[in-house]
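For reference, the structure discussed in these notes is given below.
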Amino acid sequence: MKTGECRWSRGRRTRRVRPTLLRRGFGGQARVVALCAALFCVVALCAAEMVRVPAGEYRPLLKEAGEPGSVAVAAFEIDERPVTNGEFLEFVRENPKWRRSRVSSLFADTGYLAHWADDLDLGERAPAEAPVVRVSWFAARAYAAWKGKRLPTTAEWERVAAVGFTTENGATEREYRAFVLGWFSKPTPEPLPAAGVARANLLGVRDMAGLVWEWVSDFNTALVSGESRGNTDQDRNLFCGAGAVSARDLENYPAFMRAGFRSSLRANYVVPNLGFRCAR
Amino acid sequence: MKPNLIQKFVSLAAVAAMVVGAGGVRASEEIMEASGNPVLTPELPIEQAILTRAPFVPPAIERKHTARVVVRLEVVEEVQRLADGVEYTFWTFGGGVPGSFIRVREGDVVEFHLDNHPTSKMPHNIDLHAVTGPGGGATSSFTAPGHSSQFTFTALNPGLYVYHCATAPVPMHVANGMYGLILVEPKDGLPKVDREYYVMQGEFYTTGRNGEEGLQMFDPEKAVDERPPYVVFNGAVGSLVGDNALQAKVGETVRLYFGVGGPNLTSSFHVIGEIFDRVYPEGGTKLVQENVQTTLVPAGGSALVEFKVEVPGTYILVDHSLSRAFNKGAIGMLKVTGPETRVVYSGKEIDEVYIGQASDAGSAASKREAQLIAAKKEAIEANPEIAEISKEIRMERGKKVYLTACFACHQADGKGLPAIFPPLADSDYLKADKERAVRAVVKGLSGPITVNGKPYNNMMPPQDFSDEQIADVMTYVMNAWGNEFGTVTTAEVKKVRRGE
């Protein structure tokens with residue numbers, strides 16, 4: 001991890017932790033203990049920001065005859081939670097070309113960071129701890145590069161999302177399934193709740209469901225696009241019956257929804273409930 | 001597009017490029033767009049489509065020429081009422097379920113805009129069964145939240161068509177309410193009627209059972225198994241009852257545009273008390289059937305039904321697969337007002353006793369038989385021995401009843417609890433007025449009373465027992481614990497229940 005990153009994290013953490021402890025009226029020896037505890041939290045947070053994901057496999061939702069049933073995914077690291085408004089603010093502070101007023105329309109739709117109060121002011125609709133949304137794929141990728149990281153691939157992302165609260169296979173966990181599906185049954189709240197608070201999965205990764213959609217590096221390979229569909233024999237689109245022809249797991253509605261969502265995107269799109277996290 | 005038209009576009013764009021100068025890049029984009037969209041026919045008069053929420057239908061199309069009709073339909077995901085106390089996050093075309101009714105004319109060029117509201121969680125698209133082309137528009141209308149898509153089609157075939165979202169998982173999008181109807185009127189229009197209404201059936205797969213309160217989630221397992229807790233008209237239980245009932249006047253002809261969104265169930269559509277004078281089955285334009293009681297409408301299909309209402313009253317729209325109507329919500333109402341028409345329907349003329357026996361009820365033999373049975377019963381009851389035995393039987397049965405309900409308050413020894421529950425044993429209140437005591441059991445008793453000189457002010461709820469059981473338990477309490485207050489017969493209980 002870069003030192004700059006650690007220093008930044010410490011700064012943020014200190015702001016959040018210390019006032020709480022002080023309010024509770026710690027004094028003297030207790031204050032020393034509290035400070036030690038806070039420092040421990042900072043260290044823990046720095047270390048816990050990325051989660052090591054051991055090598056595994058990803059079973060794509062769609063496959064054509066002759067394609068392998070699963071894809072090997074090498075070990076990698078992934079952010080414990082989505083990138084927050086506060087973190088993205090640091091990014092645009094240091095990279096003025098990604099500020100709302102300066103971003104190129106080629107790289108981000110109008111509506112880019114539209115819920116922020118201003119270029120460098122989050123405002124009430126974008127709490128610092130909430131996941132950043134209304135960012136394009138280009139912007140997400142630039143952020144990741146700035147951090148020395150990258151966006152996860154679909155295979156990596158889905159590999160992590162398939163893990164449940166208590167087992168490797170969330171699809172067989174009743175509680176996890178209800179958690180994932182529950183999100184689709186509720187409108188998106190505004191402002192969004194804080195990231196990194198919800199229950200972690202078995203790997204220790206949070207918010208893979210239940211908070212926002214997330215960009216992946218290869219989102220546009222989810223489906224063959226409208227234009228090139230005409231050049232292929234097989235219609236791999238997810239519309240109507242066609243989606244059911246090549247899908248392997250017809251009852252995995254969340255996977256269908258994620259694939260459907262990704263395929264509706266273009267790299268310059270910004271969406272009010274689409275954020276991202278980084279991998280390495 | 002005709003070649004001269006393309007030329008016209010190109011030259012127009014060229015002129016624009018010359019005039020704008022620096023805007024040359026944009027102009028060339030326009031050329032691309034123009035040549036890529038051969039359906040553009042700028043000669044047509046442009047019209048904004050009138051969209052209506054169910055149960056209302058846009059006015060009939062009066063014009064006799066083709067037009068370019070602009071339809072703007074917004075997808076909104078919204079929490080709305082599914083039943084009393086039950087909410088659901090509906091995914092809607094136009095803010096309600098079913099989606100807005102679209103009405104165009106055969107041959108019209110329809111410029112379709114699908115707007116997906118920024119707050120939507122999902123991307124959506126639209127497959128209009130009225131469209132001739134891949135996906136029925138779905139391939140051209142796939143729209144991320146906060147975006148808008150446009151495509152254009154020519155309404156080649158007249159008829160009443162379902163439209164629906166076709167984004168994966170399609171059954172879920174449809175089950176969340178993403179369906180509606182588009183009417184392509186034949187060139188010569190439809191026969192004139194007095195009233196037109198829009199009704200659509202669909203089922204909802206909630207995690208909770210029917211009636212379970214709160215915000216309900218979509219249950220994919222129930223959807224796959226086709227076990228919906230709700231089957232409703234127009235998106236909610238009771239959407240067409242009470243003040244929201246459809247209205248008509250005696251003598252009017254009503255046309256219902258009826259569709260089934262599904263996603264899975266078909267409908268045996270029936271209006272209780274009416275006969276469909278004319279049915280255009282499956283939403284086609286040919287009148288193929290008259291005088292129909294129930295018409296079968298497939299999922300993703302429709303029907304036009306027409307009938308003249310002759311008699312005032314309330315007519316019930318149902319899916320005649322009756323558990324859906326009576327247990328899952330598929331009920332609507334059509335209220336017809338106006339003068340009675342006794343010749344068509346008399347109302348109830350006679351209400352008399354019917355004795356379902358083989359012999360003629362009025363015959364001398366059966367009259368004599370009834371007299372003898374009554375006499376025998378009287379003789380048995382008059383016999384003091386038998387009367388005593390039947391009282392004992394009654395007391396034994398009454399004790400059982402007492403120990404299932406009454407003892408909890410009045411106690412097993414009948415002494416009640418001081419200042420809370422009055423005593424029954426040696427109770428002057430019980431002894432004084434048998435009928436009053438029976439009424440307390442049948443109808444409940446609340447407010448201040450005085451028993452054996454002590455005041456009580458509590459509430460006794462009505463007891464849910466049969467008349468026979470109440471006669472038993474009353475006989476028991478009036479003869480237990482040393483009481484000797486007499487007996488109570490079933491006839492006396494019945495009398496109290498009737499309020500005599």
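By convention in this document, chain letters (A, B, ...) are assigned in the order of the sequence lines, proteins followed by strands, and residues within each chain are numbered from 1.
A:Pro272 and B:Pro118 get closest at one heavy-atom pair: CG-O, 2.9 Å. Nearest heavy-atom pair across B:His147 and A:Val270 is CE1-O, 3.7 Å. When all heavy atoms of A:Trp183 and B:Lys121 are compared, the closest pair comes out as O-NZ, 2.8 Å. The two atoms that bring A:Gly260 and B:Phe142 nearest to each other are O-CZ, 3.1 Å, heavy atoms only. Taking all atoms of both residues into account, the shortest heavy-atom contact from B:Ser120 to A:Asn273 is O-ND2, 2.9 Å. Of all non-hydrogen atoms in A:Ser185 and B:Gln216, the two that sit nearest each other are CB-O, 4.3 Å.
Atoms NZ and OG1, on A:Lys186 and B:Thr89 in that order, are 9.0 Å from each other to the nearest 0.5 Å. Summarising the geometry, atom CD belonging to A:Glu190 is positioned 9.5 Å from atom OG1 belonging to B:Thr119; distances are rounded to the nearest 0.5 Å.
Proximity to chain B is limited to the side chain of A:Trp213, based on heavy atoms less than 4.5 angstrom apart. There is no contact between A:Val212 and chain B, counting heavy-atom distances below 4.5 Å.
Residue with the most contacts toward chain A among B:Gly146, B:Pro169, B:Pro171: B:Pro169 (heavy-atom pairs, distance under 4.5 Å).
Within 6.0 Å of atom CD in B:Glu282, 12 or fewer heavy atoms from other residues, nucleotides or ligands are found, so the atom counts as exposed in its surroundings.
Between B:Glu221 and A:Arg177 there is a salt bridge, since at least one side-chain N of the basic residue sits less than 4.0 Å from a carboxylate O of the acidic one.
Counting only heavy atoms from C-beta outward, the side chains of A:Phe256 and B:Thr167 never approach each other to under 4.5 Å. Side-chain atoms of B:Met217 and A:Phe184, non-hydrogen and from C-beta on, never get closer than 4.5 Å to each other.
For the side-chain contact (heavy atoms from CB on, under 4.5 Å) test, residues two or more places apart in sequence or in another chain that qualify with A:Ala195 are A:Arg81, A:Pro82, A:Thr84, A:Pro131, A:Asp207, A:Leu211.
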Enumerate, atom names and distances included, each donor-acceptor pair closer than 3.5 Å involving a side-chain atom of residues 128-137 of chain B, sequence neighbours excluded.
from: B:His129; atom 1: NE2; to: B:His164; atom 2: NE2; distance (Å): 3.3

